[in-house]
Amino acid sequence: MKKFYIFVASIFLNRQPNSLKTNKKKIINDPVFGFITIQSELIFDLIEHPYFQRLRRIKQLGLSCIVFPGANHTRFEHAVGAVYLMRSAISVLQLKGVKITRDEAEAVTAAILLHDIGHGPFSHALEHSIVDGISHEEISAMLMEDLNREFNGKLDLAIRIFKNEYPKKFLHQLVASQLDVDRLDYLRRDSFFSGVTEGVIGSDRIIKMLNVRRGELVIEAKGIYSIEKFLISRRLMYWQVYLHKTVLSAEYLLVNVLKRAKELVMRGKRLFATPELEVFLKNRITIDHFLSGQAFQGRSLLSIFASLDDSDLFASIKQWQYEEDPILAYLSGCLINRKLYRIKISKQPFSEASVRTLREKIRLHFGVDETDVDYFLVHDSITNSAYAAGDDQINILFKNGKVSEINEATDINLSSLSQSVRKYFICYPKELDIK
Ligand code: DTP
């Protein structure tokens with residue numbers, strides 16, 4: 001009878017009752033790694049959960065697909081790929097005599113599966129636009145705590161590992177460090193889907209070379225060339241794909257669309273939006289709203305966030321092209337029809353005089369107030385460093401037992417990869433170009 005009630009309740013909740021499923025095994029056909037078998041019941045149940053299924057609707061690379069049309073893969077397959085690599089890493093380390101218990105293996109796998117669960121629509125592109133002052137890692141941690149309550153504490157250890165509160169530091173390093181399985185998966189995957197072969201790395205070789213010394217992850221010296229290639233690939237992928245100038249132009253347009261929609265809604269205008277998106281348009285959501293457990297429309301903010309995805313944004317933006325507000329209509333139309341702003345990149349900041357001239361041109365061309373010029377002009381800088389030596393450095397283990405940081409261990413000069421590279425950019429509508 002109890003099973004029957006669970007079954008009926010699950011129909012109303014539009015969920016299949018996991019407790020009634022007998023065969024909790026899954027084989028996922030991944031285009032990068034082939035067939036990935038999910039053997040653990042906990043991992044199976046987490047994958048089935050709506051919080052995780054939402055990742056199918058969040059693009060891994062925000063709007064990179066506007067330049068690389070194949071780059072439509074999602075956070076879902078990235079997380080599953082990272083699980084596959086985590087399993088390989090665990091087996092390699094166990095074979096080398098590193099003690100990892102069955103519970104630890106399951107927990108570190110759950111941690112990597114859920115590490116990106118806190119990403120919002122379009123991943124990094126809107127990270128600070130949807131919610132202010134809180135990172136996706138912090139939201140991932142909150143969602144894990146929420147799942148942990150639902151899973152009766154089965155994620156206790158996974159959360160400690162994720163937050164680096166567990167004594168075996170190398171387990172956390174496999175999830176989040178300069179050489180974690182997150183990066184090993186995303187470089188290969190993003191390279192595969194974007195078609196940019198510069199990102200291909202020898203993840204198999206790197207994993208085979210993993211070891212642990214004094215509780216921390218190290219790479220055996222034979223793997224040094226694979227690490228050099230990994231660092232260079234990361235640098236190339238950042239500049240060639242993630243921070244490609246046209247991708248930046250599109251992502252800032254998206255940021256401005258959302259900013260304008262918020263401004264109008266806060267002034268009392270009614271705009272087309274799903275109930276979930278409406279909460280984020282009507283309120284300036286900060287970390288405090290999450291921490292205080294504030295509810296909106298009778299639902300917790302966390303559960304509202306956990307049902308927001310790319311489709312909420314795209315359906316609205318399609319509609320906003322026809323809004324009476326000319327700025328929102330213009331920005332939305334530009335994004336939907338790929339009429340992207342011109343973007344210029346420079347190693348030096350753009351002169352104040354040139355920015356002032358451009359602002360004036362925009363004001364006259366569009367007939368907008370000085371404050372609204374910012375919707376048509378983006379003027380900022382971007383930075384990236386492929387590797388940041390520090391507490392969380394990549395360490396190489398030599399045959400004699402000596403451990404050295406990669407920069408000391410390698411015979412080439414990798415120091416430029418540790419430098420933070422800054423580039424300045426300016427974006428504005430193409431029709432303003434001087435003919
Ligand atoms: P990292 O490990 O590189 O420090 P992270 O924020 O911890 O980065 P994530 O997995 O959340 O790790 O993000 C990395 C992924 O997001 C990877 O697929 C590259 C992509 N990415 C990063 N920045 C951008 C961007 N501005 N636009 C598009 N994609 C991006």
Side-chain angles (χ1 to χ4, degrees), residues 32 55 58-68 70-83 85-86 111-129 134-141 143 162-164 172-194 196 198-201 203 230-231 233-255 310 343 345 378 380-394 417-418 420-421 423 425 427:
V32 176
L55 298 184
I58 296 193
K59 283 197 172 69
Q60 173 77 8
L61 299 187
L63 287 179
S64 291
C65 58
I66 223 152
V67 178
F68 304 96
N72 273 307
H73 55 303
T74 69
R75 292 273 156 191
F76 179 92
E77 52 257 48
H78 160 59
V80 172
V83 161
L85 293 181
M86 182 62 84
I112 196 66
L113 181 77
L114 301 176
H115 77 285
D116 271 349
I117 205 165
H119 263 297
F122 297 99
S123 300
H124 287 275
L126 289 181
E127 177 141 15
H128 302 292
S129 300
I134 176 167
S135 67
H136 71 267
E137 287 92 348
E138 288 170 286
I139 303 181
S140 288
L143 287 170
F162 184 73
K163 293 185 171 173
N164 200 10
H172 173 77
Q173 289 174 317
L174 285 170
V175 178
S177 70
Q178 306 251 356
L179 192 61
D180 51 29
V181 297
D182 173 24
R183 291 183 184 190
L184 294 183
D185 180 82
Y186 80 60
L187 287 175
R188 276 198 61 180
R189 190 167 300 278
D190 298 345
S191 160
F192 178 89
F193 283 99
S194 64
V196 175
E198 283 76 2
V200 177
I201 54 160
S203 53
F230 161 80
L231 293 176
S233 294
R234 189 160 182 274
R235 173 185 135 71
L236 297 179
M237 286 299 279
Y238 264 89
W239 293 116
Q240 215 173 320
V241 180
Y242 312 144
L243 301 177
H244 184 288
K245 65 178 193 152
T246 313
V247 172
L248 280 184
S249 164
E251 290 185 347
Y252 276 92
L253 195 54
L254 177 63
V255 166
D310 296 5
I343 179 163
I345 304 263
V378 184
D380 209 338
S381 67
I382 37 169
T383 56
N384 182 254
S385 61
Y387 169 63
D391 287 352
D392 171 30
Q393 61 193 28
I394 297 178
L417 293 175
S418 310
S420 173
V421 176
K423 293 186 186 177
F425 69 91
C427 297

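Each ligand, and each atom within it, is numbered from 1 in the order the structure gives. In what follows, residues are counted from 1 in the order of the sequence shown.
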Compile the donor-acceptor pairs under 3.5 Å between side chains in residues 173-180 and protein atoms, sequence neighbours left out, one pair per line.
residue : atom : partner : partner atom : Å
Gln173  : OE1  : Leu217  : N            : 2.8
Gln173  : NE2  : Glu216  : OE1          : 3.4
Ser177  : OG   : Gln173  : O            : 2.7
Ser177  : OG   : Leu179  : N            : 3.2
Gln178  : OE1  : Ala388  : N            : 3.2
Gln178  : NE2  : Ala388  : O            : 2.6
Asp180  : OD1  : Asp182  : N            : 3.4
Asp180  : OD1  : Arg183  : N            : 2.7
Asp180  : OD2  : Ser177  : N            : 2.9

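Residues Ser140 and Glu137 have side chains that never bring a donor and an acceptor to within less than 3.5 angstrom of each other.
Expressed to the nearest 0.5 Å, how far CZ of Arg234 lies from CG of Leu184 amounts to 11.0 Å.
Contacts of ligand 1 (protein heavy-atom distance under 4.0 Å) are Gln60, Leu61, Ser64, Arg75, Asp116, His119, His124, His136, Glu137, Asp182, Arg183, Tyr186, Asp190, Arg234, Tyr238, Tyr242, Leu243, Glu251.
The backbone N or O of Ser135 lies less than 3.5 Å from no partner atom in the side chain of Glu127, so there is not a single donor-acceptor pair. With hydrogens and angles disregarded, a donor-acceptor distance shorter than 3.5 Å links the side chain of Arg75 to the backbone of Gln60.
A side chain to side chain donor-acceptor pair (under 3.5 Å) with His78 holds for exactly one of His115, His73, His119; it is His115.
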